[in-house]
2 protein chains.
Amino acid sequence: MPPLPSPPDRITQTLVRHGLRQTPVRRAVLAAVAGKGYALSGPEIEREIGPGTTDRITLYRTLKSFEQHGLLHRVPDDTDVLRYAACSIECSAEAHFDNHVHFRCGTCTHTYCLSQVAVPAVALPGGFRADRRHYLLSGTCQLCQPAG
Amino acid sequence: MPPLPSPPDRITQTLVRHGLRQTPVRRAVLAAVAGKGYALSGPEIEREIGPGTTDRITLYRTLKSFEQHGLLHRVPDDTDVLRYAACSIECSAEAHFDNHVHFRCGTCTHTYCLSQVAVPAVALPGGFRADRRHYLLSGTCQLCQPAG
DNA sequence: CTTTTTTGTGCAACGTCGTTGCGAATAGGG
DNA sequence: CCCTATTCGCAACGACGTTGCACAAAAAAG
């Protein structure tokens, strides 16, 4: 009895949709970032997928590729490391649609994507043309609140 | 005829107000950042004050000190370098009051402080407590608009 | 299935930004 | 002017991220 072709999983679909090849590294990186509700830095992703899975160079190249193809977006931060989070499903290489607020917790240091909170609009002075808006809050998250 | 004591300039005042000593490096760094309407990175400040004025280590220590004492604030960015801008006059070591929008121009790469544009409020999910808000726009600034 | 081509991976080496430790210099109060 | 706490500069270091090139793997072609 020949094995039935199993339906493509979510990660496979995502890679296919953005025209990227299936490779173990890409699957691992995507799996590590996609599940999280918060943004991960390069080193964090490295730890997440296991140090032996890939080397730093390939990881950073993968992240850059994912960003360009609309699978991940950079999350601004007031630190000197870059952080990435999974894009919403309708993002593409041409345009991003991640207009949600980010929240950085000073205690657990996670930067959460509050996907249910939209970025409010602002009126810009004449001459400024914005194509991307980021709203970043810092404070204490749900899980890190002091008891009381 | 003895020279009259000249009135303390703005930079002297700022250092005194925050309880910091007057040193050439601090005056130079403060002068470089205070005039600008946009945020500067460490290397940019270094270039601004002249490479021979100080070495990197002292510069970064100065920036950290200024940040802690409320003279400068970090401006979030989606790059891996830290950028600083001058605080408004009422900022102190205890609290910052720079609730203005920042605008990053992709052409000239400057991150402007739009001090006249306030950061709009958002409603947070229960449990999140924010003490600092950042609003960052990216696009094209007044000076870099394509003609037409 | 095999071959070809295209694309991704890993190694080595490197550049930049930012940091620690410690002795020398300096600001500011007596 | 002198003393003391603070700051500066040097040396060395560490982390993050990047480039160039040879090899390997994935997709496409036969």
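So that the names make sense, note that chain A is the first sequence line, chain B the second, and so on, each numbered from 1. Nothing here was measured: the structure is a model prediction, and the numbers come from that model.
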Answer yes if A:V33 and A:L59 sit in the same cluster of Ile, Leu, Val, Met, Phe, Trp and Tyr residues linked by side chain heavy atoms under 4.5 Å apart, and no otherwise.
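Yes, same cluster.
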
Considering only nitrogen or oxygen atoms on both sides, find all protein atoms under 3.5 Å from nucleotides 8-10 of chain D and state each distance.
residue: D:dC8; atom: OP1; partner: B:T23; partner atom: OG1; Å: 2.8
residue: D:dG9; atom: OP2; partner: B:T54; partner atom: OG1; Å: 2.9
residue: D:dG9; atom: OP2; partner: B:T58; partner atom: OG1; Å: 3.4
residue: D:dG9; atom: N7; partner: B:R61; partner atom: NH2; Å: 2.9
residue: D:dG9; atom: O6; partner: B:R61; partner atom: NH1; Å: 3.3
residue: D:dG9; atom: O6; partner: B:R61; partner atom: NH2; Å: 2.6

Among the candidates D:dG17, C:dG18, D:dT6, find the nucleotide nearest to the side-chain atoms of A:L82.
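In terms of side-chain proximity for A:L82, the closest of D:dG17, C:dG18, D:dT6 is D:dG17.
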
Shortest side-chain distance from B:K64, nucleotide among C:dG8, D:dC16, C:dT19
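Out of C:dG8, D:dC16, C:dT19, the nucleotide with an atom closest to B:K64's side chain is C:dT19.
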
Spacing between A:L59 atom CG and D:dG17 atom C1', to the nearest angstrom
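The answer, rounded to whole Å, is 10 Å.
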
Ignoring hydrogens and angles, does a donor from either the side chain of B:R21 or the base of C:dG28 sit under 3.5 Å from an acceptor on the other?
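Side chain to base: no pair below 3.5 Å.
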
Using OP1 and OP2 only, check whether a side-chain N or O of A:Y60 sits under 4.0 Å from D:dT18.
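No, no such contact exists.
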
Does B:H100 have any side-chain hydrogen bond (donor to acceptor under 3.5 Å, both in side chains) partners at least two apart in sequence or in another chain, and if so, which?
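Partners of B:H100 under the side-chain hydrogen bond (donor to acceptor under 3.5 Å, both in side chains) test: B:H102.
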
Pair A:F103 + A:Y112: ring centers closer than 6.0 Å:
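No; A:Y112 has its ring centre 6.0 Å or more from that of A:F103.
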
A:R10 backbone acceptor or donor facing A:T14 side chain under 3.5 Å
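Side chain of A:T14 to backbone of A:R10: a pair is present.
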
Using only atom types and a distance under 3.5 Å, with no angle test, would you say the side chain of A:E67 pairs donor to acceptor with the backbone of A:R74?
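No, because the side chain of A:E67 does not come within donor-acceptor range (under 3.5 Å) of the backbone of A:R74.
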
In terms of relative ring orientation, are A:Y38 and A:H110 parallel, tilted or perpendicular, with 30° and 60° separating the classes?
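Parallel, since the angle between the ring planes stays under 30°.
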
